[in-house]
Amino acid sequence: MDIEIVAQAFGIVGMILNIIVFQQKKQKNVLIFQFFAALTFAVNYLLLGAIVGGLLNIVGALRSVVFYFEDKTKARALPWLIVFAVAFGVSYPLTFLAFGTDPSAKNFIIEILPVIAMIIATVALRAGKSKTVRSLGLISSPMWLVYNCFSGSIGAIASEILNLTSIVVGIIRLDLKKNEENEKK
């Protein structure tokens, strides 16, 4: 079986899981779906040779576990934000130094976008509200979309297009509707 087909299949499964994330009311459910989506996308990116995407998603899966068990890990504490920001940041130079990504100007720009997106997503998770995850997703998702266009992950490209749609639907359905109901009271 062609590695490209396998990689794209993982991307499509990741896409489905990632879309479900933004439709969850409870933060625990957001984290469960994020964990599995991150692992699936890590395989997708690594098979495609999109190293920074793979590394970031591995760290992202670990981040989901830490936040899921926040009572035990104190995940909202500032040190965790720093740990994950550093782990995401380290992924960037490792991509060039250890994994041989071409150090071109284009790659320097493209490879930093998902790093920034993951740090934004960590800030959103730290806030502990699915509404914040959706709001900050409007910032991080376009960064991933650009990266995915260059990595060639069909599932990840579709995922970000659908994620943006899902985020907007979630904001309308869960956030704006709630505000309207509160105004009527």
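Only a predicted model underlies this, so the values are computations on that prediction, with no experimental measurement involved.
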A.B. asks: What distance separates Ile112 CD1 from Thr95 OG1, expressed to the nearest 0.5 Å?
C.D. replies: 9.5 Å

A.B. asks: Decide yes or no for Ile20 and Gln24: does some side-chain heavy atom of the first lie under 4.5 Å from some side-chain heavy atom of the second?
C.D. replies: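 Yes; the side chains approach each other to less than 4.5 Å.
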
A.B. asks: Check whether Thr40 reaches the backbone of Phe36 with its side chain - one donor and one acceptor, N or O, closer than 3.5 Å.
C.D. replies: yes

A.B. asks: At their closest point, which heavy atom of Ala158 faces which heavy atom of Met15, and how far apart are they?
C.D. replies: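 Heavy atoms of Ala158 and Met15 come nearest at CB-SD, 3.5 Å.
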
A.B. asks: Ring centres under 6.0 Å, that's the criterion: do Phe96 and Tyr92 meet it?
C.D. replies: yes

A.B. asks: Is the side chain of Thr73 donor-acceptor paired with the backbone N or O of Val66 at a distance under 3.5 Å, no angle test?
C.D. replies: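 Yes; judged by distance alone, with no hydrogens or angles, the pair exists.
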
A.B. asks: Cluster question for you: counting only ILVMFWY and a side-chain heavy-atom cut-off of under 4.5 Å, with indirect links fine, are Leu78 and Phe88 together?
C.D. replies: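 Result: yes, single cluster for both.
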
A.B. asks: Taking atom CZ of Phe67 and atom CG of Leu62, what is their separation to the nearest 0.5 Å?
C.D. replies: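 Separation between the atoms: 12.5 Å.
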
A.B. asks: Quick one: does Tyr68's side chain have a donor or acceptor within less than 3.5 Å of a partner on Lys28's backbone?
C.D. replies: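 Pair absent, no side-chain N/O of Tyr68 close to backbone of Lys28.
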
A.B. asks: Is there side-chain contact between Met118 and Val59, with at least one heavy-atom pair below 4.5 Å?
C.D. replies: no

A.B. asks: At their closest point, which heavy atom of Gly14 faces which heavy atom of Ala37, and how far apart are they?
C.D. replies: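 Heavy atoms of Gly14 and Ala37 come nearest at O-CB, 4.1 Å.
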
A.B. asks: Are Ile154 and Ile16 linked, directly or through intermediate hydrophobic residues, by side-chain heavy-atom contacts shorter than 4.5 Å (ILVMFWY only)?
C.D. replies: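 Ile16 does not cluster with Ile154.
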
A.B. asks: Evaluate the side-chain contact (heavy atoms from CB on, under 4.5 Å) criterion for residues Leu174 and Lys25: first the C-alpha distance (whole Å), next the side-chain angles of each, then the deciding distance (0.1 Å), finally the verdict.
C.D. replies: CA-CA 8 Å; Leu174 301 171; Lys25 282 186 179 182; 3.7 Å; yes

A.B. asks: With a 4.5 Å cut-off on side-chain heavy atoms, are Thr101 and Val52 touching?
C.D. replies: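 Val52 does not reach Thr101 side chain to side chain.
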
A.B. asks: Give the cluster check for Leu145 versus Ile109: same hydrophobic cluster or not, with ILVMFWY residues linked at side-chain heavy-atom distances below 4.5 Å.
C.D. replies: no

A.B. asks: Keeping the roles fixed (side chain from Ser140, backbone from Ile120), state whether a donor-acceptor pair exists under 3.5 Å.
C.D. replies: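 Side chain of Ser140 to backbone of Ile120, a donor-acceptor pair under 3.5 Å: no, none is there.
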
A.B. asks: What is the distance from atom CG of Leu55 to atom CZ of Phe99, rounded to the nearest 0.5 Å?
C.D. replies: 5.0 Å

A.B. asks: Step through it carefully: locate the ring centre of Tyr45, locate the ring centre of Trp144, and say whether they are under 6.0 Å apart.
C.D. replies: yes

A.B. asks: Pick from Val133, Leu138, Thr132: which one makes a side-chain contact (heavy atoms from CB on, under 4.5 Å) with Leu136?
C.D. replies: Thr132

A.B. asks: To the nearest 0.5 Å, what is the distance between CG on Asp2 and CD on Gln8?
C.D. replies: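 If we round to the nearest 0.5 Å, Asp2:CG and Gln8:CD are 10.0 Å apart.
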
A.B. asks: Using every non-hydrogen atom in the two residues, find where Ala61 and Leu39 come nearest and quote the distance to one decimal.
C.D. replies: CB-CD2, 3.7 Å

A.B. asks: For Trp80 and Glu70, what are the C-alpha separation, side-chain angles and deciding distance, and is it a side-chain contact (heavy atoms from CB on, under 4.5 Å)?
C.D. replies: CA-CA 10 Å; Trp80 279 112; Glu70 70 179 302; over 6 Å; no

A.B. asks: With hydrophobic residues grouped by side-chain heavy-atom distances under 4.5 Å, do Ile139 and Leu56 end up in a single group?
C.D. replies: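 Yes, it is one cluster - the side chains of Ile139 and Leu56 are joined through contacts under 4.5 Å.
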
A.B. asks: What are the two closest non-hydrogen atoms of Ser64 and Leu31, and how far apart are they?
C.D. replies: CB-O, 3.7 Å

A.B. asks: Using modelled atom types only, decide if a donor and an acceptor are shared between the side chain of Asn44 and the backbone of Phe10 within a distance under 3.5 Å.
C.D. replies: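 No.
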
A.B. asks: Any chance you could measure Ser91, atom OG, to Asn57, atom CG, to the nearest 0.5 Å?
C.D. replies: 10.0 Å

A.B. asks: Would you kindly confirm whether Ile172 and Leu162 end up in one hydrophobic cluster when ILVMFWY residues are joined by side chain heavy atoms under 4.5 Å apart?
C.D. replies: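 Yes.
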
A.B. asks: Between Ser153 and Cys149 (side chain of the first, backbone of the second, donor and acceptor by atom type, cut-off under 3.5 Å), is there such a pair?
C.D. replies: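 Side chain of Ser153 to backbone of Cys149, a donor-acceptor pair under 3.5 Å: no, none is there.
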
A.B. asks: Look up atom CZ in Arg63 and atom CG in Leu81, then write down how far apart they are to the nearest 0.5 Å.
C.D. replies: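 The CG atom of Leu81 is 10.5 Å from CZ of Arg63, to the nearest 0.5 Å.
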
A.B. asks: Restricting to non-hydrogen atoms, name the atom on Ile167 and the atom on Arg134 that form the minimum distance, rounded to 0.1 Å.
C.D. replies: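 So the minimum-distance heavy-atom pair works out to CG2-O, 3.1 Å.
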
A.B. asks: Please lay out, stage by stage, how Val21 and Asn18 fare under the test side-chain contact (heavy atoms from CB on, under 4.5 Å).
C.D. replies: CA-CA 5 Å; Val21 166; Asn18 221 15; 4.1 Å; yes

A.B. asks: Does Leu48 form a side-chain contact (heavy atoms from CB on, under 4.5 Å) with Glu4? I'd like the steps, not just the answer.
C.D. replies: CA-CA 7 Å; Leu48 290 174; Glu4 175 80 15; 3.5 Å; yes

A.B. asks: Examine distances only and state if a side-chain atom of Gln34 and a backbone atom of Gly60 form a donor-acceptor pair shorter than 3.5 Å.
C.D. replies: no

A.B. asks: Please find the pair of heavy atoms, one from Lys106 and one from Phe150, that lie closest to each other, and give the distance.
C.D. replies: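 Shortest heavy-atom contact: CD-CE2, 4.0 Å.
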
